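These numbers were taken from a predicted model, which means no experiment stands behind them. Values below: all heavy atoms of this structure, side chains included; hydrogens, waters and symmetry mates excluded. Index from 1, following the sequence.
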Amino acid sequence: MKWTDCVPLLAASMMMCAPAMAGDAKLGKAKASAQCAVCHGPTGISQLPEAPNLAGQVEIYLVKALNDFRSGARSNEMMTIVSKGLSDADVANLAAWYASVEVSVQAPQ
């Protein structure tokens, strides 16, 4: 088998690993400002100890987490209620927004 015979298989496998829907970070920012900022902060840096930081999280993780809240696979009183009203596009857009926020980390001295 030549290596060129594997190219279509490689391309197909890469497409299967990609998110089903690419989100729009601008739309996600608008949705987050209206619905998520109270708990998670306007840029995803939470001011509340019980709400996690979302800024800089991996997009695929955020999609999975929101979908798990929507399906009931993951439970949190507030997130279960909030996530029920999200469409697939909302989830993709929110994930794109929070993943696009750049976060820097410094190791302690």
Original post:
What pair of heavy atoms forms the shortest contact from S100 to A25, and how long is it?
Top reply: OG-CB, 4.0 Å
**OP:** First locate atom OH of Y98, then atom CG of N53, and finally report the distance between them rounded to the nearest 0.5 Å.
**Re:** 10.5 Å
Subject >> Shortest non-hydrogen separation from A92 to E59 and the atoms involved >> reply: O-OE2, 4.1 Å
Residues 64-76 side chain polar contacts: donor-acceptor under 3.5 Å, at least two apart:
residue, atom, partner, partner atom, Å
K64, NZ, D68, OD2, 2.7
N67, OD1, R70, NH1, 2.9
N67, ND2, V63, O, 3.2
R70, NE, L86, O, 3.4
R70, NH1, D88, OD1, 3.0
R70, NH2, L86, O, 3.4
R70, NH2, D88, OD1, 3.0
S71, OG, N67, O, 3.3
S71, OG, D68, O, 3.3
S71, OG, A73, N, 3.2
N76, OD1, M78, N, 3.1
N76, OD1, M79, N, 3.0

**OP:** Nearest 0.5 Å please: distance from the CD atom of E50 over to the SG atom of C39.
**Re:** 7.0 Å
Subject >> N/O donor-acceptor pair under 3.5 Å between N93 side chain and G23 backbone >> reply: no
Subject >> Minimum heavy-atom distance between S46 and A51, given as atom pair plus value >> reply: OG-O, 2.8 Å
Subject >> Connected via hydrophobic side-chain network under 4.5 Å: I60 and L94 >> reply: yes
**OP:** State yes or no: do V82 and W97 share one hydrophobic cluster built from I, L, V, M, F, W and Y residues joined by side-chain heavy-atom distances below 4.5 Å, directly or via other members?
**Re:** no
Subject >> Cluster link V101 to I45, ILVMFWY, side chain under 4.5 Å >> reply: no
Original post:
How far does OH of Y61 sit from CG of L54, to the nearest 0.5 angstrom?
Top reply: 8.5 Å
Identify all side-chain donor-acceptor contacts of residues 27-34 below 3.5 Å with residues at least two apart in sequence or on another chain.
residue, atom, partner, partner atom, Å
K31, NZ, Q35, OE1, 3.3
S33, OG, K29, O, 2.9

